[in-house]
Amino acid sequence: TPLFVPKTLPSAPAEQRMVLVACGPYTTSDSIAFDPLTDLIEVIVRDRPDVCVLFGPFLDAKHEQVENCQLLGSFAEVFKLCLKMIIEGTRSAGSQLVFVPSLRDVHHDYVYPQPPFLFPELPKDDRPRVHFVSEPCTLDVD
């Protein structure tokens, strides 16, 4: 006979979480102005999801203006502006942000598996809620 018989405890009901998942590109085909991204930020602020998983591409290598070198800044600068838009625009919602790279992110390493994005300029106050993950990755929400 065993000395210890594990008991199965009734599990507490899991708290419900709202998870928003979006996939880039976050621009229209004829402009790099990130208008669809602005609309997404408005949805995040309105609905206040607990977690937002945002898949790239954030700056699409296949975009016409990227292919024709018609950007006003470097690929990295435009990407950082995109990140700032998302992070600052969703601050009031308090949502956890998860950024997943794409092989079509023009500013990022074109290897698989992909390393997470680097963003050393991330404000200290945002670090607890902003997460950069690799592709592929495993996410454990709660």
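Along the sequence shown, residues are numbered consecutively beginning with 1. Computed from a predicted model, the values in this text were never measured in an experiment.
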Identify each donor-acceptor pair in which a side-chain atom of residues 53-60 lies under 3.5 Å from a protein atom, sequence neighbours left out, and give them as a table.
from	atom 1	to	atom 2	distance (Å)
Asp60	OD1	Lys62	N	3.1
Asp60	OD1	Arg104	NE	2.9
Asp60	OD1	Arg104	NH2	3.2
Asp60	OD2	Arg104	NH2	2.4

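- Here salt bridge (charged side-chain N to carboxylate O under 4.0 Å, His left out) pairs that include residues 115-130, with residues two or more places apart or in two chains, are Lys80-Glu121, Arg91-Asp126, Asp126-Arg129.
- Applying the 4.5 Å side-chain rule to ILVMFWY residues, one finds that Leu81 remains a lone member of its cluster.
- One distance of note links CZ of Arg48 with CG of Leu20; it measures 14.0 Å at 0.5 Å rounding.
- The side-chain contact (heavy atoms from CB on, under 4.5 Å) check on Pro128 picks up nothing, with sequence neighbours excluded.
- Aromatic rings from His107 and Phe117 are positioned such that their centres are separated by under 6.0 Å.
- Hydrophobic cluster membership for Val111: none, as no Ile, Leu, Val, Met, Phe, Trp or Tyr side chain comes under 4.5 Å of it.
- Contacts of Ser95 classified as side-chain contact (heavy atoms from CB on, under 4.5 Å), with partners at least two apart in sequence or in another chain: Ile44, Pro49, Cys52, Ala93.
- Between atom CG of residue Asp47 and atom CD of residue Glu42 there is a gap of 11.5 Å, rounded to the nearest 0.5 Å.
- Within 6.0 Å of the CG atom in Leu139, the count of heavy atoms belonging to other residues, nucleotides or ligands exceeds 12.
- Screening residues 118-142 for ring-ring contact (aromatic ring centres under 6.0 Å, His included) gives Phe99-Phe132 as the qualifying pairs, with residues at least two apart or on separate chains.
- In terms of modelled atom types and a separation under 3.5 Å, the side chain of His108 and the main chain of Ala76 share no donor-acceptor contact.
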Show every donor-acceptor pair shorter than 3.5 Å between a side-chain atom in residues 27-40 and any protein atom, with sequence neighbours excluded, or say none if there are none.
from	atom 1	to	atom 2	distance (Å)
Thr28	OG1	Asp30	OD1	2.9
Thr28	OG1	Ser31	N	3.4
Ser31	OG	Ala33	N	3.0
Thr38	OG1	Phe34	O	3.2

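- Side-chain N or O atoms of Tyr26 include one that pairs as donor or acceptor with a backbone N or O of Ala22 at under 3.5 Å.
- Using modelled atom types, one side-chain atom of Gln114 and one backbone atom of Ser102 make a donor-acceptor pair closer than 3.5 Å.
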